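Keep in mind the model is a prediction, meaning the values are calculated, not measured. Nothing fancy with the numbering, it's 1 onward along the sequence.
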Amino acid sequence: MASATISSETEKLSKLRSAVSGLNQISESEKCGFINLVSRYMSGEAEHIEWSKIKTPTDEVVVPYNTLAQPPEDSAQIRKLLDKLAVLKLNGGLGTTMGCTGPKSVIEVCNGLTFLDLIVIQIESLNKKYGCNVPLLLMNSFNTHEDTLKIVEKYAKSNIKIHTFNQSQYPRLVADDYLPLPSKGHAGKDGWYPPGHGDVFPALLNSGKLDALMSQGKEYIFVANSDNLGAIVDLKILNHLIRNQNEYCMEVTPKTLADVKGGTLISYDGRVQLLEIAQVPDKHVNEFKSIEKFKIFNTNNLWVNLKAVKRLVTANALKMEIIPNPKVRVALEVNGVKVLQLETAAGAAIRFFDHAIGVNAPRSRFLPVKASSDLLLVQSDLYTVSDGFVVRNKARTNPENPSIELGPEFKKVADFQRRFKSIPSIVELDSLKVTGDVWFGAGITLKGKVTITAKSGEKLQIPDKSVLKDKVRCPIWNFHSS
């Protein structure tokens, strides 16, 4: 039986190679990368975690942020540090989940500024302050590339060099026979997918950007999601990596009950490794979600040595765990055809780099905007913007942000904006839950725990200048829809 299975896999791979060779939409390096990924997946290659071998990383492996040495105070020395750095933002995502078209990075987040505006202003401020030359790279997908090229034109006169490149474009696999969907006549964009942000490393090399950066004296690249407003250049971390010659650093931060599914760092067989919930045996899932044993999670703020990237990619040594999508149960369908796409994550590469570490960074370095509830946080008086940096209001005494849960009526950005005359004051808010057809007036203040529920068929209008403290909705707000 085993030999028959191997023979079947060999035949499938042979047919796949033949079909992929005829796809003229992608480069030879993309074809090789794709075939390699599918081959690994079909062979059942997997890193099985022996639970008993997992160890909690020491402070030498996951370094507490407050133990990092202060960077040099001399501006010339800081400039030398920064001239070794490039910043890369993962810009392949669309804003479809928030009801927007085009790259997510152009959604307005606060003070009329988009994610990309804030990123550019931040790096511009650094370059101006220290006389350095930190470039910005945007890794797009084929979904965001053309729009991004038009958008970055507005920064042409900025004091910052912006480079764009595309991550790989892989064909979706037909689930039944493992042949590429585009080879079966599906010529549109639906036949293709970007294979996850783990592709950042080969894409950097294949695009020529890696060699170009190294020729300019760049040694490290700071990689982060474009929608994480807390992912700013940190001189303490950069200084530590250069001094200690760490090839890779993942920023982690203390886990709360809202982060229980996030990947965590472990020590395993003498190396630091990312452990994702998908790798956890069922009987240990609750233990993984516990904030007692696994106290930190991955922010996806990554600092990586460029020479190490070139060495590992050239040697085809970055064999990150493969993430099949869909993972189980519900099949992904394109025009009625069940398909499979294989992805990798950049954080999983940590175990292949020498002297890799984590840094247990402050929660302020993790401020993602994934939904309208996050928009409410960053547009409120809880934060202000200075030189592109989103700064937390010191009047907030609780170190944690309020928990905000908005109903589906607020999911799309346009609907969210319509339902607030102005964003409420939430400096003293602990939690907010909004359900149903609720509309907020201007100048509202929310304090403590607030729950607002509109019954089915009714419209709930909260009057201007209302102050709600530890409230469940008040009947006088009821306005029945006509």
Stepwise side-chain contact (heavy atoms from CB on, under 4.5 Å) test for Phe34 and Ile26: CA-CA 10 Å; Phe34 175 67; Ile26 55 175; 5.7 Å; no
Chi angles and distances behind the salt bridge (charged side-chain N to carboxylate O under 4.0 Å, His left out) call for Glu409, Arg419: CA-CA 9 Å; Glu409 295 81 4; Arg419 288 177 177 274; over 6 Å; no
Worked verdict on Asp387 versus Lys128 for salt bridge (charged side-chain N to carboxylate O under 4.0 Å, His left out): CA-CA 11 Å; Asp387 288 335; Lys128 184 177 178 182; over 6 Å; no
Candidate pair Leu82 and Leu235, rule side-chain contact (heavy atoms from CB on, under 4.5 Å), full reasoning: CA-CA 8 Å; Leu82 289 170; Leu235 290 170; 3.6 Å; yes
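Between the side chain of Ser158 and the main chain of Ile160, no donor-acceptor pair closer than 3.5 Å is present. Judged purely by atom type and a 3.5 angstrom limit, Asp74 uses its side chain to pair as donor or acceptor with the backbone of Gln77. With hydrogens and angles ignored, the 3.5 Å screen pairs a side-chain donor or acceptor of Gln379 with a backbone N or O of Val109. Between the Gln341 side chain and the Arg172 main chain, no donor and acceptor come within less than 3.5 Å of each other. Side-chain atoms of Thr264 come within 3.5 Å of backbone N or O of Ile296 as a donor-acceptor pair. The main-chain N or O of Asn166 is never found under 3.5 Å from a side-chain atom of Asn140 such that the two would form a donor-acceptor pair. A donor-acceptor distance shorter than 3.5 angstrom exists from the side chain of Asp374 to the backbone of Ala371, with no hydrogens or angles considered. The backbone N or O of Gly93 lies less than 3.5 Å from no partner atom in the side chain of Thr144, so there is not a single donor-acceptor pair. One N or O on the side chain of Asp470 and one on the backbone of Lys449 form a donor-acceptor pair closer than 3.5 Å. A donor-acceptor pair under 3.5 Å is absent between the side-chain atoms of Asn133 and the main chain of Asn127, judged by distance alone.
Taking both residues in full, the closest heavy atoms of Asp354 and Glu247 are given as N-OE1, 2.9 Å, listed atom of the first, atom of the second, then distance. Nearest heavy atoms, Ala231 versus Gln122: O-OE1, 4.5 Å. Smallest separation of non-hydrogen atoms from Thr164 and His145: OG1-CE1, 4.4 Å. Residue Ser386 comes nearest to Val391 through the heavy atom pair CB-CG2, 4.4 Å, listed as atom of the first residue, atom of the second, then distance. The shortest non-hydrogen separation linking Pro424 to Leu376 is CD-CD1, 3.9 Å. Closest heavy-atom contact between Ser431 and Pro402: N-CB, 4.5 Å.
With respect to Trp303, the side chain to side chain contact (heavy atoms under 4.5 Å, CB included) criterion is satisfied by exactly one of Asp234, Val359, Ile221: Asp234. Exactly one of Phe222, Phe352, Phe353 qualifies for a ring pair (Phe, Tyr, Trp, His ring centres under 6.0 Å) with Tyr248. That residue is Phe353.
Between Lys80 and Asp83, none of the side-chain N atoms (NZ, or NE/NH1/NH2) sits under 4.0 Å from a carboxylate O, so this pair counts as no salt bridge.
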Output side-chain donor-acceptor pairs under 3.5 Å for residues 189-198, partner residues at least two apart or in another chain, one line each.
residue: Tyr193; atom: OH; partner: Leu342; partner atom: N; Å: 3.0
residue: Tyr193; atom: OH; partner: Leu342; partner atom: O; Å: 2.7
residue: His197; atom: ND1; partner: Ala346; partner atom: N; Å: 3.0

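Within the model, atoms CG of Asn246 and CD1 of Ile357 stand 4.0 Å from one another, a figure rounded to the nearest 0.5 Å. A distance of 10.5 Å separates CZ in Phe201 from CG in Leu306, rounded to the nearest 0.5 Å. Taking CG of Leu137 as the start and CG of Leu204 as the end, the distance is 7.0 Å to the nearest 0.5 Å. Here CZ of Phe389 is found 12.0 Å from OG of Ser364. Values are rounded to the nearest 0.5 Å. Annotation: the span from Asn239 atom CG to Leu68 atom CG amounts to 9.0 Å, rounded to 0.5 Å. Lys433 contributes atom NZ, which lies 13.0 Å from atom OG of Ser373 (distance to the nearest 0.5 angstrom).
Surrounding NZ of Lys293 are more than 12 heavy atoms belonging to other residues, nucleotides or ligands, all under 6.0 Å away. Sparse packing is recorded around NZ of Lys161, with 12 or fewer heavy atoms of other residues, nucleotides or ligands lying under 6.0 Å away. Remark: Arg271 CZ is packed, more than 12 non-hydrogen atoms of other residues, nucleotides or ligands lying under 6.0 Å away. Residue Lys411 qualifies as open at atom NZ: its count of foreign heavy atoms under 6.0 Å is 12 or below. Residue-environment remark: CD (Gln25) exceeds the threshold of 12 foreign heavy atoms within 6.0 Å. Within 6.0 Å of NZ in Lys236 there are more than 12 heavy atoms belonging to other residues, nucleotides or ligands. For Lys154, the NZ atom counts as densely surrounded, since its 6.0 Å shell holds more than 12 non-hydrogen atoms of other residues, nucleotides or ligands.
Between Phe420 and Phe440, the ring-plane angle classifies as parallel under the 30° and 60° cut-offs. Under the 30°/60° scheme for interplanar angles, the aromatic rings of Phe297 and Phe366 are found to stand perpendicular.
Side-chain contact, Thr114 with Asp117: a donor N or O sits under 3.5 Å from an acceptor N or O.
Sequence neighbours left out, the pairs with a member in residues 216-233 that pass side chain to side chain donor-acceptor pair (under 3.5 Å) are Lys104-Asp227, Asn225-Asn300, Asp227-Lys370, Asn228-Asn301. Pairs engaging residues 391-400 under the side chain to side chain donor-acceptor pair (under 3.5 Å) rule: Arg392-Asn401 [sequence neighbours left out].
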